[in-house]
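Keep in mind it's a predicted model, so treat the numbers as computed, not measured. First the proteins, then the strands, lettered A, B, ... as listed; each starts at 1.
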Protein chains: 2
Amino acid sequence: MTTSSGGEPAERTKAAVLEDVAGLAGVSAMTVSRVLNAPEKVRPETRARVLAAVQELGYRPNFAARSLVTGRSGVLGVVSFDTTLYGPASTLYAIERAAREHDYLVNIASLEAMTRRSIAEGVDRLRQQSVDGVIVIVPHESAADGLRDLPPDLPVVDVGGGERLSVPAVAVDHHAGAVRATRHLLELGHDTVHHLSGPANWIDANNRMQGWRHALRGREIPPPLAGDWSANSGYEQGKRLSRDPSVTAVFVANDPMALGLMRAFREAGRRVPEDVSVVGYDDVPEAAHFWPPLTTVRQNFATLGRQAFQLLLNRMVGHDTSERRTVEPELVVRESTSRR
Amino acid sequence: MTTSSGGEPAERTKAAVLEDVAGLAGVSAMTVSRVLNAPEKVRPETRARVLAAVQELGYRPNFAARSLVTGRSGVLGVVSFDTTLYGPASTLYAIERAAREHDYLVNIASLEAMTRRSIAEGVDRLRQQSVDGVIVIVPHESAADGLRDLPPDLPVVDVGGGERLSVPAVAVDHHAGAVRATRHLLELGHDTVHHLSGPANWIDANNRMQGWRHALRGREIPPPLAGDWSANSGYEQGKRLSRDPSVTAVFVANDPMALGLMRAFREAGRRVPEDVSVVGYDDVPEAAHFWPPLTTVRQNFATLGRQAFQLLLNRMVGHDTSERRTVEPELVVRESTSRR
DNA sequence: ACGTTTTATGTTAGCGATAACAGTCTTCGC
DNA sequence: GCGAAGACTGTTATCGCTAACATAAAACGT
């Protein structure tokens, strides 16, 4: 496999390396390296010659070698739970785009479970591949713990992972979002608002529930139900809720569950929004076409992702801010809510 | 935490390297390397000592160094267009899981556009980071071209990228899926079936359209409409279609568009399924809770992703098969279709 | 003109790991 | 009991690149 002593220059057998380019251009390897990394330090003339050689040989720098000597890899990692869910998927996508603009590649590590262990393990997997930094998208209580004892030398940024984090973080202000959703229903004249929450220990679920509670202060607060984010769980809990004739308004913690819930109500003969108003959360692209079109709370995942990347970039160049940024969600009123 | 072995100088300043571990364990670096890569070649006793040293120093192998010498990186790349769409997201997720089981990490490169250029560029981005192989998820006509002139040394597998590909590929048999969907409607007594297709030049869209055409042989084939996969486009085209009273059955190329279309029909006073039957495609998790619950064609993205990874693994160990595997979709009958 | 800076390129020395070969030290056959 | 095979462990020699220093050539000031 090695270039045996053959007197002829080995053709396209092995990928060209720096030395080959240097030879062809009649310069030293170092000069080639400079052309690639700091072109302004090389005379235009030489540069052109080198570039031509690069072109001719189809040379591509060996990433591992460069990484070995510079200590940077140009890759950043994203640890996420279920990249199939709308939120994480959108965030990931935004991160990837932001990263690309800065010439970073993105490595993903999705988690089997959301436990302290598995988060640490995910970060570790990435770290072994020497990523330059990690963004963690784990909207679960366990995130805070999982991030507690990380190697301090690895820049980490969290997305949507709760309050008391030891690292820079970006999050959507779900409390505010929930308050807006709930107030909207109250302002329509409903005496109280029921709540279908997300699964226990999910940060988003908790924050939204707290926001709902907060907005309901001074009123009767009905016991919340919990789903698992799926339309199916919304349907199941919806069937239960639809048996209670006093229910006139429901704030559902995400859109798919709202969809399921509305179906259950409809099947039970309760019209939305005439008999009961429903507000969702997320504003998935389909929400505007649910039946009826869903009033919901829009999260700007693109901004979230971009901000996360920015924060990570800051951390990577040294700024040791433990900054925490917040993205405001927005209520989108459509036709699933109406005056009492 | 760290061992409280006081008095030791220069702790936790630099990450430990092989040599450090070797020193602590009283062996050579090579032996440490062996313990990590071929434990059976080291006496249990020594192995234990080394492992203890690894533990104590919190040693992690330097990926770049290893990669430089072995020529393998343990990373594979996925080139995809829009990882926000249900299909690609699910496929990506499945690939990631399969990869993890085999200790591979996944690098993603999403594309700005689907052109030959941009695909080549995406593969290139990944290649520069020396991925061991690439899976391309680009369900567009341009994929075939984009994959034509790839470096032959890089293992590449395609997912859902059309017929005449120069690389191993996995794909869902959309033709069959569309035939099933269309036949289902015909069997329910509809004279013909209208079609709302995906955007031009998307492989899936074309295949489904062809399947639909095929199933309609010998009958009047109404001119198909085209959307852009979004619920919104389904709504717009639905409005148009709902004005034609002769329409009694529609096969829609994906579920979100079907959702939008059903909304349009409903708003136009045409009941689904009493007046018009609708079949979607994808079976997104929400489809069962649309109103009415959507009859659709289920694609098994998990299988698709797993197979893609398998194929890539084969190619990476040398098997130069240009194998092409097919995954069969399945019709799921729910309540959006009924007898004429 | 001359030393001094500036600019352009070359040299040397690793980065941290593993492959390949080279020793030791056992173990074993007869 | 002694050479040979085997089991472990150690010694180089890279892998491809870039930091840091060294050198040669050009530009500059007075």
Side-chain angles (χ1 to χ4, degrees), chain A residues 1-5 10 13-51 53-54 57-75 127-132 153, chain B residues 13-51 53-54 57-75 127-132 153:
Chain A
M1 288 293 213
T2 341
T3 352
S4 16
S5 51
T13 28
K14 289 282 153 261
V17 300
L18 215 50
E19 203 69 48
D20 302 335
V21 178
L24 184 61
V27 296
S28 76
M30 195 61 234
T31 299
V32 179
S33 173
R34 283 201 190 91
V35 169
L36 268 31
N37 300 304
E40 77 283 359
K41 291 189 174 173
V42 176
R43 191 149 32 105
E45 203 176 304
T46 331
R47 198 191 307 159
R49 208 146 28 95
V50 170
L51 255 16
V54 166
L57 295 177
Y59 168 77
R60 355 207 100 276
N62 180 309
F63 154 77
R66 174 181 293 173
S67 171
L68 179 58
V69 60
T70 61
R72 302 183 345 100
S73 65
V75 178
R127 199 154 78 100
Q128 285 192 32
Q129 302 285 358
S130 53
V131 296
D132 293 339
D153 54 303
Chain B
T13 26
K14 292 273 157 279
V17 300
L18 215 51
E19 204 69 49
D20 302 335
V21 178
L24 183 61
V27 297
S28 75
M30 195 62 233
T31 298
V32 179
S33 173
R34 284 200 190 92
V35 169
L36 268 30
N37 299 304
E40 76 284 358
K41 292 189 174 175
V42 177
R43 191 146 33 103
E45 204 175 303
T46 329
R47 198 191 307 158
R49 209 145 28 95
V50 170
L51 254 17
V54 166
L57 295 177
Y59 168 76
R60 0 205 98 278
N62 179 308
F63 154 77
R66 174 182 293 173
S67 170
L68 178 58
V69 62
T70 62
R72 303 182 346 98
S73 65
V75 178
R127 199 154 79 100
Q128 285 192 32
Q129 303 285 358
S130 55
V131 296
D132 292 339
D153 54 302

[atom1] of [X] versus [atom2] of [N]: gap in Å, rounded?
{"X": "B:Gln128", "N": "D:dC17", "atom1": "CD", "atom2": "P", "value": "12 Å"}
{"X": "A:Met30", "N": "C:dG14", "atom1": "CE", "atom2": "P", "value": "16 Å"}
{"X": "A:Lys41", "N": "D:dA20", "atom1": "NZ", "atom2": "C1'", "value": "11 Å"}
{"X": "A:Leu18", "N": "D:dA19", "atom1": "CG", "atom2": "C1'", "value": "14 Å"}
{"X": "A:Arg72", "N": "D:dT18", "atom1": "CZ", "atom2": "C1'", "value": "13 Å"}

message = For B:Val32 and A:Thr31, find the nucleotide of DNA chain C closest to each by heavy atoms; which residue's nucleotide sits nearer the 5' end?
response =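 That would be A:Thr31.
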
inquiry  = Determine whether a donor-acceptor pair (N or O, by modelled atom type, separation under 3.5 Å) exists between the side chain of A:Thr46 and the backbone of A:Val42.
reply    =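 Such a contact is absent between A:Thr46 side chain and A:Val42 backbone.
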
ask   = Is there a donor-acceptor contact under 3.5 Å from the side chain of A:Asn37 to the main chain of A:Arg34?
value =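 Side chain of A:Asn37 to backbone of A:Arg34, a donor-acceptor pair under 3.5 Å: no, none is there.
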
Can you find a side chain N or O atom of [X] that sits less than 4.0 Å from OP1 or OP2 on [N]?
{"X": "B:Arg43", "N": "D:dA7", "answer": "no"}
{"X": "B:Thr46", "N": "D:dT9", "answer": "yes"}
{"X": "A:Asn62", "N": "D:dC15", "answer": "no"}

Salt-bridge criterion met for B:Asp153 and B:Arg127 (N-O under 4.0 Å) = yes

ask   = How far does CZ of A:Phe63 sit from OG of B:Ser73, to the nearest 0.5 angstrom?
value = 8.0 Å

ask   = Can you find an N or O donor on one side and an acceptor on the other, under 3.5 Å apart, linking the side chain of A:Arg60 with the base of D:dG16?
value = no

inquiry  = The side chain of B:Leu68 is closest to which nucleotide in this list: C:dT18, D:dG10, C:dG16?
reply    =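 Taking heavy atoms from C-beta onward, the closest nucleotide is C:dG16.
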
